[in-house]
Structure formats: structure tokens, C-alpha cells
Amino acid sequence: GLVAITATSTANALTLDNPWYFRTIFNNAYQSAFLADYLKTALPARPVVIIRSDGAYGRDLGADFRAQAARIGIKIADEMVVDGAPDTPQRIANQVALAHDKAMIFLALQRAEAVPIIKALRDRQLPNLLAGPDSLSDPRLREAFSAFSRTRDNPGFYTDNLLVATPFLKETANQLAQNFVEEYQLRHGEEPIWSGPYAFDAARLLIGAIVGTEGFNTDIPIKDRRTRIRDHLSRVDSPARGVEGTTGISYFDVSGNSQKPITMGWFRGALVSTMTQLRGIQPAEVRGKLDRLRDKGVVANLGDQLMLKT
């Protein structure tokens, strides 16, 4: 086998039953459940319409969101599939306008798939709140609408108030990340997109594993060196054993997934942090107060992790 660490792929299947593959970013199952918890905890109760693609990304996100919604009591009002037909965006907008104008909409779509759907919904000036996954957190999403006439007087007509799960926002990042962004700007003349810090952390983890296992020692058979590197990374399995980086502490579960925090952002011109966030907490932080906080609706369970509304 050959060790690999992905900094960008959130596909559930990538690390499943593959002991050689790791990731420094969350997976689709985690971000879907997080988004469901956020809509339930941070916003007024409303049913949700899922609009998804028929590819693996959309299917995973839609299924995982639906499963978490059932666990926490969110009503799924409808699920619509983007099939690539030219009239699909208008058909979906018409269906939302006719039957779901009070619902929140979860866009389980890649960026290119989302643009015509968002355009059709916004052109109808529907009041629905739109929420999307990491694929829509790229600031370049706004540029995709720049050729449309409505953006000439209002550049944010299509993207403003779009709520997204973002892996990285400079305004909420740690000092290591601030230093990385500053150095990147000096070298390249622009800020990195979110994948930059995750790739940086992946490289640091891999280099640390190679150095820590004599991976450069050619006296050791290559097969043994690769196994040592894999085993070294597998032991990075808790915050205490994790590696501090630009995206927080990196460590892996039994499937090689990284337990990274998600920041909720929205487009207000630029992509900025929302006022309300969910952050992971330890039970000891709310000892004696947990039932009261649950009654107030400010604590949620994301798997075995407690999340606090802040």
C-alpha cells in the first residue's frame, strides 16, 4: 500500500475500509449532520427541502442530512434531484414557489451545479433561506454570477445571505493560519482558498510521519517504511496525540477521518462568519447545566460530540 492524505475530498467512501488513506478535512456525513444541527439549533424551526445532484457528492450529502434530520426532528418537506435537463432549474424554482415558499433549502450540490439553481430561485425572488455545504464556500462562487444583468447594480443579488459550511475563514482562524495566509500573500499576491491551509497541514503530518519512522532510510525495505508511516499516522488518534496546525489539531478516527471544526459563514458581499456558531465542547464544561441548556435549545449532539450554540 501507499499512504495518502487528502486535504480536500469529503467523500465518505474515500477512507472507508482503506487503512492507507487519511484526510485532514471533515467528511460529508459529518458536515451534513452538522448543517442539520445548525439549522435546528440556530434558526427558527421550518421544514427543509433538499435539492441535490445525482452524483456521489449529492447523494451522500442528501442521505446523511435526511438521516440526521430524522434523528433531531427536522421535517423534510421534499427532495428534488438536479438531473442536468435544461429546464430543471426553472422547474425546481416553480415547485418551490408553488409548495415550499416557507421552507429552508439545503443545496447538496457542487458549485457548478448550484449556480443555475440559485439563479432560478433568486430570479423568482423567493424568500427561502438557502444553505449549502463546503463546495459553496469558495468565494469564487460569487464570480460565477458576474455575467448576469442583475449583478450589475447589485453584485450580491444571487449570493448574499447564502448560508454555507466553510472549512476555513481567516477571521476565525488561529495564529498559525494567520501566519500562513500572510506568507502566502507575500509569495503569490493573493489570499489562499480554503484548501491551502488543509494541504499545508496534510504535508506537515506526512513529513512528520516520514521523519518519525526513518522513512528516508533506504536500508529499510520500502514496504516496511510505508507500513511504518501508515501505523504512525494511525496512532495520531486523539487530540492529545494530534498535531497542531493551521486548521486546528489534526488527528484521525478509525476510518482515517479528521475531526475538524466547521465554521458557518454567509455571503454579505464577501464570505464572512455568521453571528451564531456551533462549537464542540467537553461534557465537563456544562456539568450540572446540560439539561437546562438542552431545554433552551442551545446544545446539540453530533454523534458522540456535544455542540454548544454560541
Side-chain angles (χ1 to χ4, degrees), residues 10 12 26-53 57-82 92 95-96 99-111 113-114 117-118 121-122 126-137 141 159-167 169 172 260-268 271-281 293-310:
T10 57
N12 294 338
F26 46 78
N27 65 6
N28 287 334
Y30 183 86
Q31 73 163 322
S32 294
F34 182 95
L35 275 161
D37 278 346
Y38 187 87
L39 297 184
K40 170 78 172 180
T41 306
L43 299 171
R46 291 185 181 181
V48 174
V49 171
I50 299 172
I51 301 176
R52 66 168 179 85
S53 69
Y57 185 74
R59 288 196 304 270
D60 280 355
L61 286 168
D64 292 327
F65 186 96
R66 182 182 282 277
Q68 183 69 358
R71 284 190 286 267
I72 63 178
I74 292 178
K75 178 184 177 183
I76 301 300
D78 204 346
E79 184 166 341
M80 307 177 193
V81 178
V82 176
I92 286 176
Q95 193 171 344
V96 170
H100 305 299
D101 63 322
K102 300 294 192 297
M104 294 183 283
I105 295 177
F106 174 46
L107 299 166
L109 302 166
Q110 295 283 8
R111 188 175 70 212
E113 299 163 332
I117 301 298
I118 294 171
L121 293 168
R122 294 297 200 214
L126 299 174
N128 306 78
L129 182 142
L130 306 182
D134 65 301
S135 58
L136 305 188
S137 69
L141 175 69
T159 53
D160 276 358
N161 299 317
L162 172 64
L163 189 68
V164 293
T166 176
L169 275 178
T172 61
K260 287 295 172 66
I262 295 176
T263 300
M264 292 305 298
W266 59 352
F267 285 89
R268 307 299 295 266
L271 180 62
V272 298
S273 172
T274 59
M275 295 295 291
T276 302
Q277 298 291 334
L278 293 183
R279 69 173 181 89
I281 57 172
L293 291 172
R294 286 194 195 281
D295 290 341
K296 292 174 65 176
V298 297
V299 168
N301 277 91
L302 186 55
D304 58 1
Q305 185 177 22
L306 277 175
M307 307 296 292
L308 179 68
K309 176 182 172 181
T310 59

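When every heavy atom of Arg122 is checked against every heavy atom of Asn161, the shortest pair comes out as NH2-C, 4.2 Å. Across all non-hydrogen atoms, the minimal contact from Asn128 to Ala103 is ND2-O, 2.8 Å. When all heavy atoms are compared, the tightest approach of Gly58 to Arg52 is O-CD, 3.6 Å. In terms of heavy atoms, Ala114 sits closest to Leu109 at CA-CD1, 3.8 Å. Pairing each heavy atom of Ile50 with each of Gly62, the nearest pair is CD1-O, 3.9 Å. Closest of all the heavy-atom pairs between Phe65 and Val48 is CE2-CG1, 3.8 Å.
Residues satisfying the side chain to side chain donor-acceptor pair (under 3.5 Å) test with Glu113, not counting sequence neighbours, are none. Taking the salt bridge (charged side-chain N to carboxylate O under 4.0 Å, His left out) definition, one finds that Arg46 meets it with nothing, sequence neighbours left out. Evaluation of the side chain to side chain contact (heavy atoms under 4.5 Å, CB included) rule for Arg71 yields Ala67, Gln68 as partners, not counting sequence neighbours. The side chain to side chain contact (heavy atoms under 4.5 Å, CB included) search around Asp60 returns Asn12, Asn28, Asp64, not counting sequence neighbours. With sequence neighbours excluded, the residues satisfying side chain to side chain donor-acceptor pair (under 3.5 Å) with Thr274 are Tyr38, Gln277. Every residue two or more places apart in sequence or in another chain was checked for a side chain to side chain donor-acceptor pair (under 3.5 Å) with Asp160, and none qualifies. Evaluation of the side chain to side chain contact (heavy atoms under 4.5 Å, CB included) rule for Thr166 yields Ser137, Leu169, Thr263, Leu271 as partners, not counting sequence neighbours. With sequence neighbours excluded, the residues that form a salt bridge (charged side-chain N to carboxylate O under 4.0 Å, His left out) with Arg279 are Glu285. Arg111 meets the side chain to side chain donor-acceptor pair (under 3.5 Å) test with Asp138; sequence neighbours excluded. Under the side chain to side chain contact (heavy atoms under 4.5 Å, CB included) criterion, Ala131 pairs with Leu39, Leu129, Leu163, not counting sequence neighbours.
Side-chain atoms of Leu162 and Leu141, non-hydrogen and from C-beta on, do get closer than 4.5 Å to each other. Looking at heavy atoms from C-beta onward, Pro133 lies in side-chain contact with Phe106 at the 4.5 angstrom threshold. Side-chain contact between Ile118 and Thr159 is absent, with no heavy atoms from C-beta onward closer than 4.5 Å.
Note that OG1 of Thr276 and CG of Leu43 are 7.5 Å apart. Values are rounded to the nearest 0.5 Å. With values rounded to the nearest 0.5 angstrom, Thr10 atom OG1 is found 13.5 Å from Tyr30 atom OH. Distance check, rounded to the nearest 0.5 Å: CG of Leu107 to CG of Leu121 gives 7.0 Å.
Exactly one of Leu278, Leu35, Val164 qualifies for a side chain to side chain contact (heavy atoms under 4.5 Å, CB included) with Met264. That residue is Leu35.
Within the 3.5 Å criterion, the main-chain N or O of Tyr57 finds no donor-acceptor partner in the side chain of Gln110.
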